[in-house]
Peer 1: 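The structure's right below; bear with me while I get my questions together.
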Amino acid sequence: QVQLVESGGGLVQPGGSLRLSCAASPFRASDYAIAWFRQAPGKEREGVAYLSLAVGSTYYADSTKGRFTIVRDNTKNTVYLEMNSLKPEDTAVYYCAAAVTGWGLLPTGLHEYGYWGQGTQVTVSS
């Protein structure tokens, strides 16, 4: 059973930076992709960054490309979302999610991710 625990959310000023952490229970990395999604009040949940644990490939939503980076620390079974140049519209609850996938594949559909963390709030405001 995959377990994911997010941390690192908080209040940050526009233009600031924040790093979210997703601690994952040990599992065979070659079988999974990890992604960060977010959901703002009144809006649908959307994906912001994706990572194939098998090959290290990444994919970003247009809204976060160039500002967000998804990275992993294999020694800690942790995936991070490094967020820079934050904007008020980045305010949302951020979720870490895992998908069982074929080797090297990187799913981007919400429904393809079957394991979810509890979420962490990120608020960008002055």
Side-chain angles (χ1 to χ4, degrees):
Q1 182 73 14
V2 176
Q3 292 185 330
L4 307 169
V5 179
E6 303 100 332
S7 61
L11 174 64
V12 62
Q13 292 187 343
S17 299
L18 208 59
R19 188 178 76 164
L20 305 182
S21 300
C22 174
S25 60
F27 51 82
R28 192 165 63 184
S30 61
D31 295 339
Y32 288 87
I34 299 289
W36 285 94
F37 290 81
R38 67 185 181 188
Q39 188 165 19
K43 295 188 176 182
E44 294 184 352
R45 192 170 297 188
E46 62 173 354
V48 298
Y50 306 81
L51 169 69
S52 164
L53 294 182
V55 299
S57 57
T58 58
Y59 178 81
Y60 297 92
D62 288 342
S63 59
T64 62
K65 198 174 300 181
R67 299 188 301 122
F68 289 12
T69 305
I70 185 169
V71 297
R72 63 180 169 177
D73 183 337
N74 290 334
T75 64
K76 298 181 180 180
N77 284 327
T78 301
V79 174
Y80 301 97
L81 183 67
E82 299 176 345
M83 305 185 292
N84 299 308
S85 303
L86 282 163
K87 306 173 182 179
E89 50 264 43
D90 294 318
T91 296
V93 177
Y94 282 71
Y95 298 91
C96 175
V100 179
T101 183
W103 192 90
L105 297 180
L106 188 53
T108 58
L110 177 67
H111 66 282
E112 298 177 274
Y113 286 80
Y115 302 96
W116 294 82
Q118 81 287 353
T120 185
Q121 176 70 46
V122 172
T123 303
V124 184
S125 175
S126 55

Peer 1: Does Lys65 have more than 12 heavy atoms from other residues, nucleotides or ligands lying within 6.0 Å of its NZ?
Peer 2: yes
Peer 1: For the atom pair CG (Asp73) and OG (Ser21), what is the distance rounded to the nearest 0.5 Å?
Peer 2: 10.0 Å
Peer 1: Taking salt bridge (charged side-chain N to carboxylate O under 4.0 Å, His left out) as the definition, give me every residue that meets it alongside Lys87, ordered by chain and number, with sequence neighbours left out.
Peer 2: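 With neighbours one apart ignored, the set is empty.
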Peer 1: Side chain of Tyr32, backbone of Ala99: donor and acceptor closer than 3.5 Å?
Peer 2: no
Peer 1: Does the side-chain contact (heavy atoms from CB on, under 4.5 Å) test come out yes or no for Arg67 and Asp90, once each step is laid out?
Peer 2: CA-CA 11 Å; Arg67 299 188 301 122; Asp90 294 318; 2.8 Å; yes
Peer 1: What distance separates Leu106 CG from Ser52 OG, expressed to the nearest 0.5 Å?
Peer 2: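 Separation between the atoms: 6.0 Å.
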Peer 1: Take Gln121 and Thr91 through the test side-chain contact (heavy atoms from CB on, under 4.5 Å) and record every step on the way to the result.
Peer 2: CA-CA 8 Å; Gln121 176 70 46; Thr91 296; 4.0 Å; yes
Peer 1: Would you please indicate if the ring centroids of Tyr113 and Phe37 are separated by under 6.0 Å?
Peer 2: yes
Peer 1: Exactly one of Asn77, Thr58, Thr78, Val79 should register a side-chain contact (heavy atoms from CB on, under 4.5 Å) with Arg72. Which one does?
Peer 2: Val79
Peer 1: Mind checking the SG-CD1 spacing from Cys96 to Ile70? Nearest 0.5 Å is all I need.
Peer 2: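 Nearest 0.5 Å value for the SG-CD1 distance: 7.5 Å.
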Peer 1: Would the distance check show the side chain of Ser125 and the main-chain N or O of Thr123 forming a donor-acceptor pair, the cut-off being under 3.5 Å?
Peer 2: no
Peer 1: How far does OG1 of Thr101 sit from CG of Leu53, to the nearest 0.5 angstrom?
Peer 2: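 Answer for the OG1-CG pair, Thr101 versus Leu53, is 10.0 Å.
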Peer 1: Let me see the working for Gln13 and Val124 under side-chain contact (heavy atoms from CB on, under 4.5 Å), right down to the final yes or no.
Peer 2: CA-CA 5 Å; Gln13 292 187 343; Val124 184; over 6 Å; no
Peer 1: Output a table of donor-acceptor pairs, distance under 3.5 Å, between side-chain atoms of residues 42-49 and any protein atom two or more places apart or on a different chain; print 'none' if there are none.
Peer 2:
unit_1 : atom_1 : unit_2 : atom_2 : d
Arg45  : NE     : Gln39  : OE1    : 3.2
Arg45  : NH2    : Gln39  : OE1    : 3.2
Glu46  : OE2    : Arg38  : NE     : 2.7
Glu46  : OE2    : Arg38  : NH2    : 3.1

Peer 1: Say whether, by atom type as modelled, one donor and one acceptor occur between the side chain of Glu6 and the main chain of Gln118 under 3.5 angstrom.
Peer 2: yes
Peer 1: For the CZ atom of Phe68 and the CG atom of Leu86, what is their distance to the nearest 0.5 Å?
Peer 2: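 Nearest 0.5 Å value for the CZ-CG distance: 5.0 Å.
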Peer 1: Kindly indicate, with the supporting measurements, whether the criterion side-chain contact (heavy atoms from CB on, under 4.5 Å) is fulfilled by Leu81 and Tyr94.
Peer 2: CA-CA 10 Å; Leu81 183 67; Tyr94 282 71; 4.1 Å; yes
Peer 1: Roughly how far, to the nearest 0.5 Å, is CG of Leu4 from CH2 of Trp116?
Peer 2: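 Answer rounded to 0.5 Å: 10.0 Å.
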